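I have placed the structure first, in the form of structure tokens, so that the comments after it can refer back to it.
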Amino acid sequence: MNVNMTAREAILGAVRLALPKPAVALPDEIHFLGKPRISSNVGYKGELPDLEKVAGFPAPEESLVPFFEKQLVAMGGRSFRVGSAMEARAKATELFPEARVWASTVPEVPGNRRVRAGDSPGSFADVDVAVVRSRLGVAEAAAVWLDSEDLVVPSLGVLAQHLIVMIDPSKIVPTLHEAYGGGLSGETNPYGVFMAGPSATGDIEGVIIHGAQGARSLIVLFAEEELR
Amino acid sequence: MRIGLFVPCYVDAFYPEVAIATLELLESLGHEVSYPREQTCCGQPMANTGDQKAAAAAEAHFVKCFEDFEVVVGPSGSCVHHIRVHLDACEQTPETLRVRKAVRELSEFLHEDQKVNTFPKAVFPHKVGVHDSCTAVRGLRQARPSELPNLPAYSMSRDLLKYIPGLQIIEAERVDECCGFGGSFCVTDAAVSTKMGHDRAHDFVRKGAEYIASGDMSCLLQLKGVIDREKLPLKVVHMAQILNGGPFA
Amino acid sequence: MSLFRMFGDKPVDPQDAAARFIEDSKHEEAHDRLVWAMRTNRDKAVAALPDWEDLRSVASQIKEHTLTHLDTYLEHFEAAATANGVHVHWARDGAEHNAIVVQIFEERGVKLAIKSKSMLQEECGMSESLTKHGIEARESDLGERIQQLSHERPSHIVVPSIHQLRTDVAELFAKHLGTDPNNSDPHYLAESMRNDARPQFLRAQAGMTGANFAIAETGAIVVCTNEGNADIGATVPPLQVCSIGIEKLIPRQIDLAVMLRMLSRSALGPPMTQYTTHLRKPRPGAELHFILVDNKRSERLGSKEFWHVLKCIRCGACMNTCPVYRRSGGLAYGGTYSGPIGIVLDPAFDPHKYHELPFHSSLCGSCSEVCPVKIDIADQIYKWRREIVSQGELPAVEQAGIGVLGEVLAHPGLFEATETVGLRTLKLLPNAVLANRLNPWTNGRKMPVPAQTTFRQWFEDNRRRDGEDA
């Protein structure tokens, strides 16, 4: 080890010398089986994976919501459809009648704990239920995207005992290919997370337990944006 | 076609019936079969320990024994796999390369090359558990590996056995888990090897098999060791013996 | 390297460790059953994706492309991360990595850091190093915490404590958490850990993670967990340190889709982990540090035979499917990594210590079939055996034996003579002599019975025609 060289120089130098030959090209043209689901502009020319062969996956013109709902149950979550702000409030209190501390970043369901950018992250440790809105969902895994903008203070998403996530059905895409190639391209938030169901573990004899560290439960409410 | 008969070293010593059955099967197809008497071993036992130097001479000798044959057939997936994929300790002369391509495993020879669909001497009205060796499945691709359920299923051994009237195919719960033989592994890692053999044998017992059939005598040697020790209600038989109607041990 | 000093330099004997694990049949049978269940769940997920083979090919190609252009992508990643306000450090080996962490922590008075799973930090022996400097790195993942309290390495890269039964955990938690030793309900145990851990997370001065993927295009990293522990560490403390192996680079954000669609399915079956955490910039008022670590990776990259193992995305599928791993338990491998991937990673760190690992395999090839990035692991294991022998690490007595075998099998005359004598001897030896503790075959199996005549003799007697050799 040449101590006069920085670690950076040493590593990059060693890597350069070690590069395997011949170089391999970045896959650009990928042809998956089946018919295209949407037009392909996500860096892979050709057809995208066709989830229509997955049991129960909807045809192109059908809604993704039923598949999302079923997958979410498999991931340990639950979902409901609400058509108005009143319905959303009623569902929230019905689900968590004993919750005392509510922190909300959405207008439809008010909370009793204010959430402001700059609040101390640890101050949300006593929150029973957090209500937030996601702007992107992925049907194949029933995952919802939440970033620092959605959460206002990111720790809210993981310190609250229970999480209610509202999402407009039109914001749900079929797979991660569409998510990363579409809604998330140009994403610049400091923090972002895909949540697919509540916190879980199988570390003790493979027994699935929900609420290992983060949210004990995750509820998705399908609700159009700016619900009245 | 003039075929060179390749008899794995342990088949020669412990299970000559398998070699006899193979010989008779090939002759019944109308081929002239020769048995190079000086053959010893394909070199796999040495190569598998990583000792290329020790394997080189045996491998070179193998090539010499079989270099005059258009086709070489042997009743062992693991040996054929070694020859086809790993016979590289010896010099890669044109003869070496030709022999490596010429060697065929018995099941693939019958199923793919000769497309045999009738075995008149075969009488085997039993429940037969099918144990394809790992080299047959993942090495020689004689069946769809269970790791790839997204692909269409296929199996040479089962196709062949389906031509035997009265024979009922039994599947293990863990369809193609390793029996634990693994070459020298069976003695250097005896505890794990024995447990694997025990688990595999019991899988077939639970599924109601009377026999375990395989194209690899090494797997059957391992399984028989467990079966005999634990006095399990199972017998082992090689594919060649079933298809040729014997001889049985 | 401190980790290996700590566990000693004596060669690891996986065969012996495995034998003891198997003797404890309660643990071995549960372990084999539970880990096989993960393989089964993976199969169900794969069966549902007809494009699985294409995804594997693309994933493999993305990784091979990145590795064959790694210097460019590392520079790109560093530039993007730095522009985002991240502090980027470089470490040649574990010692340098640990020194960087210690310096960052000491400068800011960190006494307690909460960490989420990182095999790289395991490699570097980071926790032990921090302890020496009076800093506690507390595992936040349940399985890792169980292992930390047990003073054991993780035995599986996804479910680190899968070799422990619930009764073992109950006993452990009674000792360390004051829980009821007679209550081994996993829900009770997990809830106890949740309540024990939360106050610590809130008072920790730093959070630490590894990285599943580092994206050159954006300078961000992605961490996949099921518990959300990486998220607590990333969103609560004011300081965040992430250790990144240089092989974790991928070119673009869209490449994440391919990788993430395979990772969780290969590991446990579900289409994604519960949490897929993206860290790009420090939160306002907080600090974010990335440490890029080499630790023999550039050396592996330069190995024509073994560079493909750098494609590994740490899914654990190879462990789940390996019949030897399932019956040995991960601790039998005695290294940071276990199972098939451990066999091809650990010996590069210390060939003498790990020279037995490549032989702890029946070469069944299942690992190669399940690998989402198409590393031909079985072939790598086979090649490592050659490497071990050529480095002179095979025990001398074995080498002599194999050498003699090679000679015998090369000469037909010798072979026939030995066969004849050997078989005759075998037939004459009483069972009492054969079936004893010194004969590894016979503890559980009966010896094969030599045939009355060999095929060679049968052919001589029945088929040899005059003037014909064969």
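Residue numbers start from 1 in every chain, and the chains themselves are labelled A, B, ... in the order their sequence lines are given, proteins ahead of strands. All values reported here derive from a predicted model rather than from experimental measurement.
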_With a 4.5 angstrom heavy-atom cut-off, is it the side chain or the backbone of S361(C) that approaches chain B, or both, or neither?_
backbone

*Could you tell me which portion of I388(C) (side chain, backbone, both or neither) has an atom closer than 4.5 angstrom to a non-hydrogen atom of chain B?*
neither

_Counting only non-hydrogen atoms closer than 4.5 Å, does E23(C) touch chain B with its backbone (N, CA, C, O), its side chain (CB onward), both, or neither?_
neither

*For chain B, find which of V370(C), T321(C), I22(C) contributes the most heavy-atom pairs closer than 4.5 angstrom.*
I22(C)

*asked:* Pair R138(B), S368(C) - check side-chain contact (heavy atoms from CB on, under 4.5 Å), show working.
replied: CA-CA 9 Å; R138(B) 300 178 192 91; S368(C) 302; over 6 Å; no

*Any side-chain heavy atom of K224(B) sitting closer than 4.5 Å to one from P448(C)?*
no

*Name the region of A60(B), side chain, backbone, both or neither, that has any atom closer than 4.5 Å to a heavy atom of chain C.*
neither

_More than 12 heavy atoms of other residues, nucleotides or ligands under 6.0 Å from CD of Q92(B): yes or no?_
yes

*asked:* Please check if the number of heavy atoms outside K374(C) that lie under 6.0 Å from its NZ is greater than 12.
replied: yes

_Heavy-atom contact with chain C under 4.5 Å, split by part of E59(B)_ = neither

*Between L221(B) and W441(C), which heavy-atom pair has the shortest distance, and what is it?*
CD2-CH2, 3.3 Å

*Would you please go through residues 191-199 of chain B and name the residues with a non-hydrogen atom below 4.5 Å from one of chain C, in numerical order?*
A191(B), V192(B), S193(B), T194(B), K195(B), M196(B), D199(B)

*State whether the number of non-hydrogen atoms from other residues, nucleotides or ligands found under 6.0 Å of K207(B) atom NZ is greater than 12.*
yes

*Proximity breakdown for A55(B) and chain C, heavy-atom pairs closer than 4.5 Å*: neither

*R456(C) side chain to D12(B) main-chain N or O, any donor-acceptor pair under 3.5 Å?*
no

_Can you list the residues of residues 139-156 of chain B that sit under 4.5 Å from chain C, counting heavy atoms only?_
R141(B), P145(B), S146(B), E147(B), L148(B), P149(B), N150(B), L151(B)

*Could you have a look at P323(C), G365(C), A47(C), S366(C) and say which one has the most heavy-atom pairs with chain B under 4.5 angstrom?*
S366(C)

_Winner by heavy-atom pair count (cut-off under 4.5 Å) against chain C, out of L223(B), V187(B), D228(B)_ = V187(B)

*Please name the pair of heavy atoms, one in V449(C) and one in F14(B), separated by the smallest distance, quoted to 0.1 Å.*
O-CD2, 3.6 Å

*Kindly write out the residues that satisfy side chain to side chain contact (heavy atoms under 4.5 Å, CB included) with R2(B), not counting sequence neighbours, or none if the list is empty.*
E32(B), S34(B), F69(B)

*Heavy-atom check, side chain of H86(B) versus side chain of D379(C), under 4.5 Å*: yes

*asked:* Any carboxylate oxygen within less than 4.0 angstrom of a Lys/Arg side-chain nitrogen, looking at E177(B) and R39(C)?
replied: no

*asked:* Is it the case that over 12 heavy atoms from other parts of the model lie below 6.0 angstrom from the NZ atom of K383(C)?
replied: yes

*At what distance, to the nearest 0.5 angstrom, does CD1 of I227(B) lie from NZ of K446(C)?*
12.5 Å

*May I ask you to name which of E17(B), E230(B), Q52(B), K53(B) has the most heavy-atom pairs under 4.5 Å with chain C?*
Q52(B)

_Non-hydrogen side-chain atoms of D189(B) and F359(C) separated by less than 4.5 Å_ = no

_Residue-level contacts of residues 12-20 of chain C with chain B, using a heavy-atom cutoff under 4.5 Å_ = Q15(C), A18(C), A19(C)

*Check the angle between the aromatic planes of H360(C) and F185(B) and answer parallel, tilted or perpendicular using the 30° and 60° thresholds.*
tilted

*Against chain C, label C65(B) side chain, backbone, both or neither, depending on which of its atoms sit under 4.5 Å from a heavy atom there.*
neither

*Passes side-chain contact (heavy atoms from CB on, under 4.5 Å), R445(C) versus C186(B)? Steps please.*
CA-CA 11 Å; R445(C) 292 169 289 200; C186(B) 69; 3.9 Å; yes

*asked:* Counting the benzene-type ring for Trp, do Y35(B) and F455(C) have ring centres under 6.0 Å apart?
replied: yes

*So how far is it from R174(B) CZ to T40(C) OG1, rounded to the nearest 0.5 Å?*
7.5 Å

*asked:* In the structure I gave you, are the side-chain heavy atoms of N48(B) and Y382(C) within less than 4.5 Å of one another anywhere?
replied: yes

*W36(C) side, atom CH2; E173(B) side, atom CD - distance, nearest 0.5 Å*: 9.0 Å

*asked:* Please classify the contact between W384(C) and chain B as side chain, backbone, both or neither, with a heavy-atom cut-off of under 4.5 Å.
replied: neither

*Region of S328(C) in contact with chain B, defined by heavy-atom distances below 4.5 Å*: side chain

_How long is the straight-line distance from CG of D176(B) back to SG of C364(C), given to the nearest 0.5 Å?_
9.0 Å

*Can F459(C) and R37(B) be said to form a side-chain contact (heavy atoms from CB on, under 4.5 Å), step by step?*
CA-CA 9 Å; F459(C) 193 87; R37(B) 217 182 154 289; 5.6 Å; no

*Of all of G182(B), G50(B), G4(B), which one pairs up most often with chain C through heavy atoms under 4.5 Å apart?*
G50(B)

